[in-house]
Each structure stands twice: as structure tokens, then as C-alpha cells.
Amino acid sequence: MVHGHKGVRFQNWARTYGCCPEMYYQPTSVEEVREVLALARQQNKKVKVVGGGHSPSDIACTDGFMIHMGKMNRVLQVDKEKKQVTVEAGILLTDLHPQLDKHGLALSNLGAVSDVTAGGVIGSGTHNTGIKHGILATQVVALTLMTADGAILECSESSNAEVFQAARVHLGCLGVILTITLQCVPQFHLQETSFPSTLKEVLDNLDSHLKKSEYFRFLWFPHSENVSIIYQDHTNKPPSSSASWFWDYAVGFYLLEFLLWTSTFLPCLVGWINRFFFWLLFTRKKESSNLSHKIFTYECRFKQHVQDWAEKTKEALLELKAMLEAHPKVVAHYPVEVRFTRGDDILLSPCFQRDSCYMNIIMYRPYGKDVPRLDYWLAYETIMKKFGGRPHWAKAHNCTRKDFEKMYPAFPKFCAIREKLDPTGMFLNSYLEKVFY
């Protein structure tokens, strides 16, 4: 019998959203998941499945039943010939990497954070960068899904193909993802090289940067022309790093937090802070090499509010820059991170049927203090919508069903699949109701 807990408070990692589910379950088996869903049907309760809680929005919140998948976290099978691994959906990527290392395998692309579950990473459309690489969900070759009535669907290109096309970016609203089979590649090392540039240079030469480096991205420092370009590419070099722990972590982190806190009283400091930190930490060329997963992931040290949309690069960035110049009272923390991803055919993927560029804006919360950000957010969203942008599902945004119908050609198809799999809306919450109603 699965036991639930009352009075558990759930908070997302950035502590920007929280909720108190009526019951909190940590099932250890498929049978226990089925029991929770049976109880929910009897009592007419909503159900929300959560993983690492890293989404900086309220997509994981509920006042009904919450199922935390943390105890369903085993590697079930490694197929060395096909280079595929099957895992339970609750496994954290942090725990998967060493297991793959043992078998000489790796994932060809990863996001910046690995304290996230396999089921959650695909559900929210998590991405990294590299125009030859799709979002992380494109590495999924099969998955199993338990629907609201307790039935299990095996999904892949060859069985339940329509559900598979929807479930790889599932938003947690199609059922409970139980297992995932991922396509891996042989283990590899990456070299990361970062060097300074200007916004004009990088926007004028985007194509050549994209051709030059497999995993190219850049950071723009708002209120300036400064850009840091980051190349990551396959290498045979032994692990090494030219980063300085003292400057990057010790001084950099504490000084930045203090200065950002000061700037909450004197917003005019933000432009100076952005330029100062570029000078302090980003003006010299840096190189490091390591196992791929150690280069892809980096430590996120600040609690923060983030927004992330996929769209046209040059026009949108220049418009964002012009908006900040025209409204000196609107401040923007650094960096605006710009990444590139290959198109795919997953129904609710922000890269559905088109190669995309993601622009990620950020506002830190120094010492947990909220910084006025809504002017910046709103201006950014307006620009993104104008250029046909699509928001990242895990991040905060103000879009409604009308917007999504315009943005996603396959939106009606996804809705039809969702209504068929979950006719009573068991897996909806207030975030998802805004999306679907």
C-alpha cells in the first residue's frame, strides 16, 4: 500500500513558486503509482507529477495529489550495441552520468543543470545549444506512460506513434511517464573556449560562428556592446582548466551578489555592474576541457527569475537593446544568453518544424530580494511575440491558449491527444489550465 504525507510544502528551486498539496506521495513501483491514480479517481482529485522542481514557473504546483518520482530512479537496461539506455523517469541526470561513464556512453547534448529528472527534462522541452542538435527530448527513442485510468502505453516511432510525438514534450498533462529510453553516443570529451567580442560582430557573423563550433552560444551584457562567445567542441585533450576559482567563485559570486543588492536601491548601477563584471571575468580568453557532461553542466549559484523564448536572433536582440537604451529606468541583469537548436517534429516543442534561437533573460534575486522586473519582462515578451517567438514551457510567461494556437501549428492535435488520454483533466493545474482553456 502506498502511503501519502499531509502538510508537505513544495517549492521550486528558485523559490519563486510554492504550494501545499493535499497529499504527497513518493511511489517506489509502477503498482504504487497505479494505486495513487485509483485513489485520485475515487476522490476526484487532481494529480501533479514532479521531478527535480527546477522549473522557474508554477508548472509543478497543485493543491491536489503530488507524486514525487525521486524513488523511481533506476537504470533498467543498457543496450551496448544500439548505445541505448532505459531508465525510470525519476532518475536525476546527475546520477545517470556516472552510470553512462561506466559503459563508455554519454548523452550527445545536455542542459546547464543536471539536478533534473529524465521525465522532467523532456516534459518541459529543455534544450542546450548547437544547430546540429535538437532539444533534449529528441534523444528519446521510446517511453512508457501510465494514463489517468491506470493503463500503460508503450510509445515509440513504431507503436503509439502519435502519443509518442506528443509525449516527448508532455508538460506533465498526458499521464505519468514511467520509463524513458535514451539514444546515447560513445563517451567524448569537450573543449570549451570563451573569448570577448561585440554584439555587432557576433550578429554580423552568426553563420560563420554556427559553422565554426558544434555547440556555439554567446552571452550579451545588457547596457553595453560586450559579448562573451563560447565554443564547445569535441577534443582529445586531457582535462584542464584555465578558470580561476578565486576570481570566478569567491570574489565574483559574493561581490556580484552584494553589488546587485546595492543596485536595488540605485538601479543606475546595473549598467556599470554589467560592464565591470565583463571586464573582471570575461575579457581574457579561457579554455577548459573535460568529459562532455562536466563541460555542459555548470553550477547555478543564484536564485533567479528567468524567461526563455525561441525566435529570430538579430532583429529581436537589437530591438531589446534599443528598448533598454530608450528606457534608462528599465534595468537588465547580465547575461542575456543566446543559444541555437535544430528543428524537430515534437508537437509542443518550441523548435517544432524550424531551427530556433533561444534568448534567455534573467533577473537575479540578491539575498532573496525581489528586483522590479516586470517592465523588462513585458517589453521582452512583446518583442518575442512580434518576431514569432515561442516561450520555454518551464519558464514564466503570460501566454494563453489563443497565443499558443497561433504559435504552435500542432496545438489542436496535442489538445485532442490530451483530451483522449485524460478526459477528466486529472493532470491539469492552474498553469496548465491557462494553456489549454
Side-chain angles (χ1 to χ4, degrees), residues 56-57 125 127 129 131 196-210 216-230 263 267-275 277-278 282 304-341 343 350-364 371-400 402-408:
S57 69
H127 62 97
T129 192
I131 204 68
S197 183
T198 65
L199 189 60
K200 182 173 172 14
E201 185 282 324
V202 78
L203 293 179
D204 287 349
N205 301 297
L206 264 187
D207 283 354
S208 69
H209 285 297
L210 284 164
F216 154 67
R217 69 174 192 273
F218 69 89
L219 311 175
W220 170 54
F221 290 67
H223 311 292
S224 79
E225 277 292 322
N226 298 331
V227 162
S228 175
I229 290 180
I230 299 156
S263 76
C268 57
L269 283 179
V270 170
W272 175 83
I273 292 170
N274 289 0
R275 292 188 293 274
F277 270 86
F278 179 82
F282 295 90
Q304 60 207 31
H305 290 286
V306 264
Q307 276 211 359
D308 192 359
W309 286 52
E311 44 51 67
K312 290 193 183 75
T313 320
K314 188 169 181 173
E315 299 90 329
L317 261 183
L318 291 176
E319 190 138 336
L320 191 63
K321 182 170 184 272
M323 183 280 298
L324 289 171
E325 284 164 5
H327 301 89
K329 284 209 166 75
V330 178
V331 298
H333 291 165
Y334 83 81
V336 172
E337 185 180 20
V338 183
R339 288 172 289 180
F340 303 86
T341 306
C351 304
F352 182 72
Q353 293 182 343
R354 65 179 197 202
D355 292 351
S356 298
C357 157
Y358 280 93
M359 282 174 47
N360 186 20
I361 66 168
I362 198 163
M363 289 298 267
Y364 298 114
V371 176
R373 63 182 195 283
L374 295 178
D375 294 345
Y376 181 33
W377 256 216
L378 213 64
Y380 165 82
E381 277 200 10
T382 308
I383 293 168
M384 292 305 154
K385 277 184 185 163
K386 175 175 154 185
F387 290 111
R390 296 171 181 162
H392 186 327
W393 291 111
K395 311 282 170 78
H397 58 76
N398 293 312
C399 300
T400 60
K402 274 202 193 89
D403 296 312
F404 294 125
E405 283 172 342
K406 275 192 215 118
M407 292 170 183
Y408 286 94

Notebook entry, point to check: Where do G343 and D355 come nearest, in terms of heavy atoms and distance?
Noted result: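 Looking at all heavy atoms of both residues, the closest pair is N-OD1, 2.8 Å.
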
Check: Which heavy atom in A316 sits nearest to a heavy atom in M359, and how many Å separate them?
Finding: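 Shortest heavy-atom contact: CB-SD, 4.0 Å.
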
What's the separation between atom [atom1] in [X] and atom [atom2] in [Y], rounded to the nearest 0.5 Å?
X    : Y    : atom1 : atom2 : answer
K200 : L318 : NZ    : CG    : 9.5 Å
I230 : R217 : CD1   : CZ    : 4.0 Å
M407 : F404 : CE    : CZ    : 6.0 Å
I361 : W377 : CD1   : CH2   : 4.5 Å
Y358 : M384 : OH    : CE    : 12.5 Å
T313 : F387 : OG1   : CZ    : 11.0 Å

Do [X] and [Y] have side-chain heavy atoms sitting under 4.5 Å apart?
X    : Y    : answer
F278 : P335 : no
K385 : C399 : yes
S263 : I273 : yes
Y380 : L320 : yes
F218 : L203 : yes
C357 : V338 : yes

Next item on the list: Start with the C-alpha distance between N360 and R339, add both sets of side-chain angles, then the distance that settles side chain to side chain contact (heavy atoms under 4.5 Å, CB included), and finish with yes or no.
Entry: CA-CA 8 Å; N360 186 20; R339 288 172 289 180; 3.7 Å; yes

Check: Going through the distances and angles, do F282 and L219 end up as a side chain to side chain contact (heavy atoms under 4.5 Å, CB included)?
Finding: CA-CA 10 Å; F282 295 90; L219 311 175; 4.0 Å; yes

Notebook entry, point to check: So which of L206, I131, T129 actually passes side chain to side chain contact (heavy atoms under 4.5 Å, CB included) with F216?
Noted result: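 The single option meeting the side chain to side chain contact (heavy atoms under 4.5 Å, CB included) with F216 is L206.
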
Notebook entry, point to check: Between H223 and V331, is there a donor-acceptor pair closer than 3.5 Å when you use the side chain of the first and the backbone of the second?
Noted result: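 Side chain of H223 to backbone of V331, a donor-acceptor pair under 3.5 Å: no, none is there.
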
Checklist line | is_close_aromatic(Y408, F352), centroid dist under 6.0 Å | finding: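 Distance test on ring centres: not under 6.0 Å, no.
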
Checklist line | Non-neighbouring partners of K312 that pass salt bridge (Lys or Arg N to Asp or Glu O under 4.0 Å), sequence neighbours left out | finding: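 Scan of K312 (salt bridge (Lys or Arg N to Asp or Glu O under 4.0 Å), adjacent residues dropped) gives none.
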
Next item on the list: Scan residues 318-331 for pairs that pass side chain to side chain donor-acceptor pair (under 3.5 Å), counting only residues two or more places apart or in two chains.
Entry: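 Output for this query lists E225-K321, E319-K386, K321-E325.
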
Checklist line | From CA spacing to verdict: side chain to side chain contact (heavy atoms under 4.5 Å, CB included), M323, T382 | finding: CA-CA 11 Å; M323 183 280 298; T382 308; over 6 Å; no

Next item on the list: Please report the C-alpha distance between S224 and N274 in whole Å, then the side-chain angles of each, then the deciding distance to 0.1 Å, and finally whether the side chain to side chain contact (heavy atoms under 4.5 Å, CB included) criterion is met.
Entry: CA-CA 8 Å; S224 79; N274 289 0; 5.6 Å; no

Check: Which residues satisfy the ring pair (Phe, Tyr, Trp, His ring centres under 6.0 Å) test with Y334, sequence neighbours excluded?
Finding: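 Once residues adjacent in sequence are excluded, the partners of Y334 under the ring pair (Phe, Tyr, Trp, His ring centres under 6.0 Å) criterion are F221.
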
